[in-house]
Amino acid sequence: MLARESAVMKPHVVFVCLGNICRSPLAEGAFRREAALIGLDADADSAATRDWHEGKAPDRRSIAVARKHGVNISSQRARPLRSEDFARFTHIIGMDRANLKAIADMAPAGHGAHLSLLLDHAPGRAGQEIDDPWAGRAADFERCWAEVLEGVTALAAALKSH
Ligand code: 4NP
């Protein structure tokens, strides 16, 4: 895709983490709600850099924290990121630097997708990571939700203003 096309194209955003069961499902769910709230016409999906959890629902702790904040992510199913995604999506967004490196490593030559960290979109937080909460406690999932929300809110606003 050419840069001048991406400026006018409907955004297609895929959020990516290691397993697609903790962080990126939260990002997909929170972004969908934020887009609806501000009237942004965008497609959203999420994916994993590994295929370990393919077909699984999000981690119950992610489902719980999202539900607590009014978002239902229970029907999402994990899937790995695929090379076709670099043509299908305008924005491929990693949660941490390892995700971003894995995304960049599998990117086909000449692809047109914009690659970034989620927190690159949040004012003053460029380069910062959303840590994997998988081995953590409920409080880690709460912090993860708050950081994801910060990133997707700023991202949706930026895409809306284009
Ligand atoms: P996520 O968290 O990348 O935010 O979905 C993880 C989920 C599972 C594993 C690691 C991280 N795992 O090792 O199975």
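Atoms within each ligand, like the ligands themselves, are counted from 1 in listed order. Basis for what follows: all heavy atoms, side chains included, without hydrogens, waters or symmetry-related copies.
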- Item | Under 3.5 Å: N/O of I21 near N/O of ligand 1 | yes
Requested in this report: In plain terms, say whether R143 and D140 are close enough for a salt bridge, that is, a side-chain N and a carboxylate O under 4.0 Å apart.
Outcome: yes
Heavy atoms of A48 and G19 approach each other most closely as CB-C, 3.5 Å
Check the angle between the aromatic planes of H69 and W145 and answer parallel, tilted or perpendicular using the 30° and 60° thresholds. parallel
Counting from 1 in the order shown, the ligand 1 atoms closer than 4.0 Å to a non-hydrogen atom of C22 are 1 (P), 2 (O), 4 (O), 5 (O)
If we number the atoms of ligand 1 from 1 as shown, the ones under 4.0 Å from a heavy atom of G19 are 1 (P), 3 (O), 5 (O)
Going by the 4.0 angstrom heavy-atom rule, the piece of N20 near ligand 1 is backbone
**Carboxylate-amine/guanidinium proximity below 4.0 Å for R125 and E147** = yes
Note: ligand 1 atoms sitting under 4.0 Å from heavy atoms of L18 are 3 (O), 10 (C), 11 (C)
TODO: Mark yes or no for whether D120, through its side chain, and G127, through its backbone, hold a donor-acceptor pair below 3.5 Å.
DONE: yes
For W52, the atoms of ligand 1 under 4.0 Å from one of its heavy atoms are 12 (N), 13 (O), 14 (O)
For D132, the ligand 1 atoms with a heavy-atom partner under 4.0 Å come out as 2 (O), 6 (C), 10 (C), 11 (C)
Checklist line | W134 N/O under 3.5 Å from ligand 1 N/O | finding: no
Polar atom proximity, R23 to ligand 1 (N or O, under 3.5 Å)
yes
**Asked** Can you tell me if H53 has a non-hydrogen atom under 4.0 Å from ligand 1?
**Response** yes
Mind checking whether C17 has an N or O less than 3.5 Å away from an N or O of ligand 1?
no
R60 atom CZ: more than 12 heavy-atom contacts under 6.0 Å:
no
Check your understanding: Does the side-chain contact (heavy atoms from CB on, under 4.5 Å) test come out yes or no for R23 and D132, once each step is laid out?
Key -> CA-CA 7 Å; R23 292 165 290 176; D132 177 3; 3.7 Å; yes
side-chain hydrogen bond (donor to acceptor under 3.5 Å, both in side chains) test vs R79 passes for just one of D45, N20, D51, namely D45
